[in-house]
Amino acid sequence: MITENDLKVLFKEDEIQGAIKTLGERLNQEYRDEELYLICVLKGAVMFMVDLSKHLKMPLRMEFIRLSSYGSGFSSTGKVNAVDISLPDLNDKNVLIIEDIIDTGHTAKFLMDFIRHNFKTKSLKFCSLLDKKIKREVDIDPDYHAFEVDDKFLVGYGLDYDGYYRNLPYIGYV
Ligand code: IMP
Ligand code: MG
């Protein structure tokens, strides 16, 4: 069992919150005079979604879907499971998918394809707190991200190891 003492801090709470505020201001500009649907990918993106949404000023609706690609280990399987992906009618809507981290890109690609296949959205974009670019296996990049990270297994602020550490207000690594 890894304990909190084994963790090194990568992004402190105020760094994360500062970056989210900046991102929120950018989204307020980009979606000015528009309505927006945020789609939170549970469970990892829950902290990010909640904190980001508090900065947003446009008429906003939130949906939550549950996907999983990781087992309980340190590396991505590349296989995405749709645990619960029930969504309202997104035709003609501005849709922004909210993720904690984009790693191999399989999850992002699966979701973007799923939404494109089922709806004719007004716009569809992808917003990830973290971008682990160096691990990418499919050709996809987030439209918005706060931090680029290297190939470390990260925990905290929504990110888990075996279900633990999601509650940490900072992001750390072992
Ligand atoms: P992808 O499909 O490989 O892009 O993986 C995306 C998902 O893997 C994310 O939504 C996370 O849940 C998980 N993930 C990727 N990297 C990490 C990490 O460093 N720590 C914890 N979870 C991670
Ligand atoms: Mg996730």
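We count ligands from 1, going down the list as the structure has it; atoms in each ligand are counted the same way. Any value given below was found using the heavy atoms of this structure, including those in side chains, with hydrogens, waters and symmetry copies removed. For reference, positions follow the sequence shown, starting with 1.
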* SB check Asp100 Lys43 (cutoff 4.0 Å) -> no
* Under a 4.0 Å N-O cut-off, is there an ion pair linking Arg136 with Asp131? -> yes
* Asked: Side chain, backbone, both or neither: which part of Thr104 has a heavy atom under 4.0 Å from ligand 1?
  -> both
* To do: Between Glu99 and ligand 1, find which residue part has any heavy-atom pair under 4.0 Å and reply side chain, backbone, both or neither.
  => side chain
Any idea which atoms of ligand 1 are less than 4.0 Å away from a heavy-atom of [X]?
X	answer
Leu154	18 (C), 19 (O), 20 (N), 21 (C)
Lys132	16 (N), 17 (C), 18 (C), 19 (O)
Phe153	18 (C), 19 (O), 20 (N), 21 (C)
Thr107	1 (P), 2 (O), 5 (O), 6 (C)
Lys152	19 (O)
Asp160	21 (C)

* Considering only heavy atoms from C-beta outward, does the side chain of Gln17 approach that of Tyr157 to under 4.5 Å? -> yes
* **Side chain to side chain, Lys21 and His55, heavy atoms closer than 4.5 Å** => yes
* Show your working on side-chain contact (heavy atoms from CB on, under 4.5 Å) between Val149 and Lys132 and close with a plain yes or no. => CA-CA 5 Å; Val149 296; Lys132 208 188 268 182; 3.8 Å; yes
* Asked: Is the Tyr31 ring parallel, tilted or perpendicular to the Tyr144 ring (thresholds 30°, 60°)?
  -> tilted
* Geometric N/O contact Gly105 with ligand 1, under 3.5 angstrom -> yes
* **Full working for side chain to side chain donor-acceptor pair (under 3.5 Å) between Gln29 and Arg26** => CA-CA 5 Å; Gln29 292 299 322; Arg26 185 167 165 208; over 6 Å; no
